[in-house]
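Input: a single structure, listed below in structure tokens.
Ligands are counted one by one from 1 in listed order, and the atoms in each one are counted from 1 as well. In this text, all values refer to a predicted model and were calculated from it rather than measured experimentally.
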Amino acid sequence: MRKPIIAGNWKMYKLLGESIETALALKSLVANTNHCEIIIAPVFTALKTVCDRLEGSNIKVAAQNCSTEQKHGAHTGEVSAEMIKDVGASHIIIGHSERRQFYGETNESVNLKTKACLLFDLTAIVCIGEMLAEREAGNAENVVKSQLIGALEGLTVTDMKRIIIAYEPVWAIGTGKTATPEQAQEMHAFIRQTLSEMNGKEVSETIRILYGGSVKPDNIESLMKQTDIDGALVGGASLEAESFSKIVNYK
Ligand code: 13P
């Protein structure tokens with residue numbers, strides 16, 4: 001059985017005070033939830049404070065990015081996986097499409113960042129997903145497959161058991177245009193099949209694959225009913241504790 005995960009990506013939305021406020025409100029709203037893992041991803045500047053405030057709760061904390069560099073040194077502006085671990089976070093979102101589109105993230109950098117995560121015992125949430133034009137050209141599966149192979153190159157079976165995949169079709173992010181549960185299920189099944197070809201069926205059956213792209217309280221239930229959808233990575237609807245808690249408590 002794969003335990004579901006509901007993760008909230010706060011992107012570059014909240015100041016420190018707002019991050020604390022939302023985290024604490026969420027903490028009390030989901031205090032009794034244990035059917036799924038709950039993760040929130042604040043900005044770097046709020047990471048330590050949010051980790052401290054949520055210590056001992058059922059909410060885990062993720063960073064939204066990390067450096068490709070594993071060793072500390074002269075890398076101005078970078079934050080290492082070890083530094084993220086040091087302040088109490090347990091997960092890192094890697095290769096989000098906004099980073100791929102606007103900040104030069106490539107399959108190679110995603111691969112290096114994933115390895116940095118694993119080295120410091122953090123769980124990588126590896127994001128993949130096609131653009132609208134790629135889907136319309138009938139290329140969605142090819143794109144997703146090459147992102148997957150590129151991101152996970154060189155990982156052992158043991159490593160694979162410690163990562164999470166997030167499928168986020170770019171055309172569904174922040175657009176209000178969710179993939180239908182059937183479209184999402186079809187791609188998730190394809191991802192699991194690809195993982196099975198890469199590392200065997202046993203591993204592919206244990207990896208959690210999250211869906212992201214306009215997930216809201218009113219569409220989460222139908223998405224979660226799909227066999228290969230193991231959770232959600234939520235943007236906009238995770239910014240308010242109330243709406244995010246409704247997604248967390250989808251059943
Ligand atoms: P939205 O839920 O706002 O579409 O964002 C999805 C996302 O990018 C999560 O990482």
Side-chain angles (χ1 to χ4, degrees), residues 4-14 18-19 22-23 26 36-44 46-47 50 59-66 84 89-103 105 110 113-114 117 122-132 134-135 140 143-144 147-148 151 163-181 183-184 187-188 191 208-224 226 229-250:
I5 299 173
I6 304 292
N9 175 8
W10 288 354
K11 307 191 179 184
M12 198 179 79
Y13 276 108
K14 288 178 187 292
E18 296 163 334
S19 303
T22 310
L26 183 66
C36 66
E37 287 179 28
I38 308 163
I39 304 169
I40 53 172
V43 290
F44 276 130
L47 204 57
V50 169
I59 306 172
K60 294 176 183 150
V61 180
Q64 299 174 16
N65 183 29
C66 71
I84 290 165
S90 53
H91 293 66
I92 306 181
I93 297 173
I94 294 179
H96 190 279
S97 63
E98 285 149 19
R99 298 210 57 80
R100 291 180 190 260
Q101 272 182 283
F102 309 120
Y103 300 98
E105 193 86 81
V110 172
K113 291 177 182 190
T114 303
C117 260
L122 290 155
T123 303
I125 304 174
V126 178
C127 301
I128 54 176
E130 81 287 356
M131 319 262 287
L132 184 59
E134 293 165 335
R135 175 162 284 258
V143 169
V144 163
Q147 289 176 339
L148 208 50
I163 62 161
I164 296 165
I165 302 291
Y167 168 61
E168 301 202 306
V170 179
W171 47 271
I173 295 179
T175 57
K177 198 176 165 194
T178 334
T180 63
Q183 276 174 324
M187 189 58 93
H188 280 228
I191 292 167
R208 277 140 336 149
I209 307 173
L210 315 184
Y211 168 79
S214 299
V215 174
K216 306 282 178 232
D218 62 4
N219 60 25
I220 181 71
E221 207 183 338
S222 56
L223 288 162
M224 291 304 291
Q226 306 300 314
I229 299 184
D230 306 313
L233 181 54
V234 187
S238 74
L239 297 173
E240 299 286 335
E242 190 79 29
S243 67
F244 189 55
S245 72
K246 284 186 189 147
I247 297 176
V248 167
N249 291 320
Y250 60 89

**Request:** Report yes if some N/O of His96 lies less than 3.5 Å from some N/O of ligand 1; otherwise report no.
**Result:** yes
**Spacing of CG belonging to Leu210 relative to CG belonging to Leu223, to within rounding of 0.5 Å** = 11.5 Å
**Complete:** Closest non-hydrogen atoms of Asn219 and Ser214, given as atom of the first, atom of the second and distance, are ND2-O, 3.0 Å
**Any Thr22 side-chain heavy atom under 4.5 Å of Trp10 side chain** = yes
**Prompt:** Taking distance alone, with no angle check, do Asn9 and ligand 1 share an N/O pair under 3.5 Å?
**Reply:** yes
**Message:** Please give me the minimum heavy-atom distance between Ile92 and Cys66, naming the atom from each residue.
**Reply:** CD1-CB, 3.8 Å
**Request:** Would you check if the side chain of Arg100 reaches a backbone N or O of Cys127 as a donor-acceptor pair within less than 3.5 Å?
**Result:** yes
**Complete:** Note: ligand 1 atoms sitting under 4.0 Å from heavy atoms of Ala172 are 4 (O)
**Shortest non-hydrogen contact from Val50 toward Ile40** = CG1-CD1, 3.9 Å
**Validation row: Gln101, Met131 side chains within 4.5 angstrom (heavy atoms)** = yes
**Fill in**
Under 4.0 Å from one or more heavy atoms of Leu233, ligand 1 contributes atoms 9 (C), 10 (O)
**Message:** Give me the residue, atom name and distance of the protein heavy atom closest to atom 9 (C) of ligand 1.
**Reply:** Glu168 OE2, 2.9 Å
**Residue-ligand contact Ala237/ligand 1, heavy atom below 4.0 Å** = no
**Request:** Return the option from Gly176, Gly236, Gly235, Gly174 holding the heavy atom at the smallest distance from atom 4 (O) of ligand 1.
**Result:** Gly174
**Asked** Is there at least one pair of N or O atoms, one from Lys11 and one from ligand 1, spaced under 3.5 Å apart?
**Response** yes
**Asked** How does Ser97 reach ligand 1, if at all, at less than 4.0 Å between non-hydrogen atoms: by side chain, backbone, both, or neither?
**Response** neither
**Distance-minimising heavy-atom pair for Ile39 and Phe244** = O-CZ, 3.9 Å
**Fill in**
Note: Ile173, heavy atoms under 4.0 Å from ligand 1, region reported as both
**Asked** Relative to the heavy atoms of Ser214, which atoms of ligand 1 are at a distance of less than 4.0 Å?
**Response** 1 (P), 2 (O), 4 (O)
